[in-house]
2 protein chains.
Amino acid sequence: MPAPRQVFVAVIGVGGVGASFLSQLQTLSSKLSQAPSPIYLTLILLARSKKMLLSESYRPLSLSNWSDALSASTQPVLRTTELIDYLSTAPEKVVLVDNTSSEDLASSYPQILSKGISIVTPNKKAFSSTLGLWTDIFAAASNGTGRGGYVFHESTVGAGLPVLSSLKDLVQTGDEVTRIEGVFSGTMSFLFNSFMPVGGGGGKFAAEVKKAKELGYTEPDPRDDLNGLDVARKLTILARLAGLKVESPTSFPVQSLIPKELEGCQSGEEFVERLGEFDERMEKLKAEAAEKGKVVRFVGSIDVQKGEVKVGLENFDTSHPIAALKGSDNIINFYTKRYGANPLIIQGAG
Amino acid sequence: MPAPRQVFVAVIGVGGVGASFLSQLQTLSSKLSQAPSPIYLTLILLARSKKMLLSESYRPLSLSNWSDALSASTQPVLRTTELIDYLSTAPEKVVLVDNTSSEDLASSYPQILSKGISIVTPNKKAFSSTLGLWTDIFAAASNGTGRGGYVFHESTVGAGLPVLSSLKDLVQTGDEVTRIEGVFSGTMSFLFNSFMPVGGGGGKFAAEVKKAKELGYTEPDPRDDLNGLDVARKLTILARLAGLKVESPTSFPVQSLIPKELEGCQSGEEFVERLGEFDERMEKLKAEAAEKGKVVRFVGSIDVQKGEVKVGLENFDTSHPIAALKGSDNIINFYTKRYGANPLIIQGAG
């Protein structure tokens, strides 16, 4: 039987995602410690803005009352360079779990990886900002061309759906991805499935935005969903994994659903209040699509052969899987040489 | 930069799947040999029934004219035990690619793995026969609880779709799979999508079987599809990966579409010729489903919580993703604790 292994885990960010991760870590670490080839996951660092908890002599921090312990901590908050020093001198392999959406931390990934620290993260920033940062990350990582830590970011696209792993498998086994198309935002999915369901009906667009906000399907400020940038970041990541050299999430056409006239709104509340003034434009798009027997959806697409990436509204036949999507589900279609005319479709909660 | 690595590849079975694999291996090995961290895939053995080609001193066999070379070979055909001896004394790691559907070879997997030889295969037999064989395989394999070679069989379910890898990811990351349901046979998919398409129409069942056979969508003898055993084998594999101790593919209810009266047919031709005599039964099922606004599909399902596995005809609402399937596509729905009411759906060419 192989010797038991130990992995140190450092967690930054304890908001919704972070708290959920810590709860899963508790279950998983208890399971893995009892496996035939046990692995011990030891939490050695926990941080949120302005609070940090470091374990003494790498003894495991508690995974059950972490919240109180972190709040009560009076330890000084390390700066990123100090943090890297602390983690890189640990006597076991370290995985840093970045549950923030911090651009700052993301820009330190190449340095973190080059010190042999691995990174697991849902933070899109590192992989969807400049092409230079992407290149530096994978030049440092062992699952790139480097010899540093490993970097995994499966949930940066399609959340819990196996999107990136499937794309990587296709590429690594020599298939040729020709086109990728899908609905990559749970918010946009919900909005358009309600605004223009297959079979007719649906509410006015502004009313659907309001409803989605009330149900918690949007960001606190819905403009952060409607500007299309979140989808553009996901498309940037997918396109790069498919082999395209995408410079940044603003280097290709991205359609914003924020009317020009409302770009100056001071608050999200003001924006939602005034959005109804522009319902007529959306109704016109709806009528045009309906006339052709189609529905409107907010999609991202990548034409790998032409090197084209775009994000925005498109019309789909009512029998198309993208049209038939329900609730706030995501759907991703991979068209490849091997799959032929019928794409590989991955669909589910985003 | 890490030192270049070499992997020896032994291929048994050069039919449709085998020939296609060798063509992919040629592309892949040329690509990997030029990668920043090169890996050399060296073909050292090629075999089909009654022909075998072994490389001299582990020099690579040609991947371009393998067919002629194998036909011209006068080398003696090694028995399985001799084969294992030959492979286990090779000076590099060996991967055996089993492209056969041989039960015999499958039953040797535990012994092959225990000698440190890895196995990659689309052969369902090893994983869908007795629970004892399954247990022995994963007791020997390093990706089980053993220390032998690794075993990978992704394409035994859902062919080229990322079904098993997705299921393993769910289980390993601590999600709880509650139910799995889907269309697991391209043949059954094609037959029922043509027999009873959403929106009405469709041909008589026997005529659709005849058409599917002519188009090459069935096995040479369509009874090998219609008896449901192929789907039962796939369900056995999925259920075991989901944690159920399924004894064999005949230890749960499997509906055969071969009418009792035709079980004595001497040939596939006779069977196809006479199947039309029983069209009335299928038409009745069609009418009953249509009355409820549903369609008939041939599905496999696993209720993980109840420990129930079954294969056969079921009715689905026309808006259900399983009803909306097209052509000969497969679809697999994973219901899990994390995904909630909306399953993870994987769909595409099977």
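Owing to the predicted nature of the structure, the values given are computational and were not obtained by experimental measurement. Both backbone and side-chain heavy atoms feed into the values below; hydrogens, waters and symmetry mates do not. Convention: sequence-line order gives letters A, B, ...; per-chain numbering from 1.
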* Could you check which of A:Gly174, A:Gly160, A:Ala159 has the highest count of heavy-atom pairs closer than 4.5 Å to chain B? => A:Gly160
* What class does the angle between the rings of B:Tyr150 and B:Phe152 fall in, given that below 30° is parallel, 30 to 60° is tilted and above 60° is perpendicular? -> parallel
* To do: Check step by step if side-chain contact (heavy atoms from CB on, under 4.5 Å) holds for B:Leu25 and B:Val9.
  => CA-CA 10 Å; B:Leu25 183 63; B:Val9 181; 4.2 Å; yes
* Asked: So, A:Gln6 versus A:Thr42: side-chain donor-acceptor pair below 3.5 Å or not?
  -> yes
* To do: Measure from the side-chain N and O atoms of A:Ser328 to the backbone N and O of A:Thr187, and report whether any donor-acceptor pair falls under 3.5 Å.
  => no
* Structure fact -> Of the listed B:Thr27, B:Asp175, B:Leu170, B:Leu161, the one with the largest count of heavy-atom pairs under 4.5 Å with chain A is B:Leu161
* Can you tell which of B:Asn330, B:Leu28, B:Ile332 has the highest number of heavy-atom pairs within less than 4.5 Å of chain A? -> B:Leu28
* Interface residues of residues 335-348 of chain B facing chain A - non-hydrogen atoms under 4.5 Å apart -> B:Arg338, B:Tyr339, B:Asn342, B:Pro343, B:Leu344, B:Ile345, B:Ile346, B:Gln347, B:Gly348
* To do: With side-chain contact (heavy atoms from CB on, under 4.5 Å) as the test, would you mind laying out the steps for B:Asn315 and B:Val295 before giving the verdict?
  => CA-CA 5 Å; B:Asn315 291 345; B:Val295 294; over 6 Å; no
* Around atom NZ of A:Lys245, are there more than 12 heavy atoms of other residues, nucleotides or ligands at under 6.0 Å? -> no
* Part of B:Glu154 lying under 4.5 Å from any heavy atom of chain A -> neither
* **Single hit among B:Phe190, B:Phe184, B:Phe192 for side chain to side chain contact (heavy atoms under 4.5 Å, CB included) with B:Met188** => B:Phe192
* Under 6.0 Å from the NZ atom of B:Lys294, do we count more than 12 heavy atoms belonging to anything else shown? -> yes
* Which one, A:Thr173, A:Asp329, A:Asp169, leads in non-hydrogen pairs under 4.5 Å with chain B? -> A:Asp329
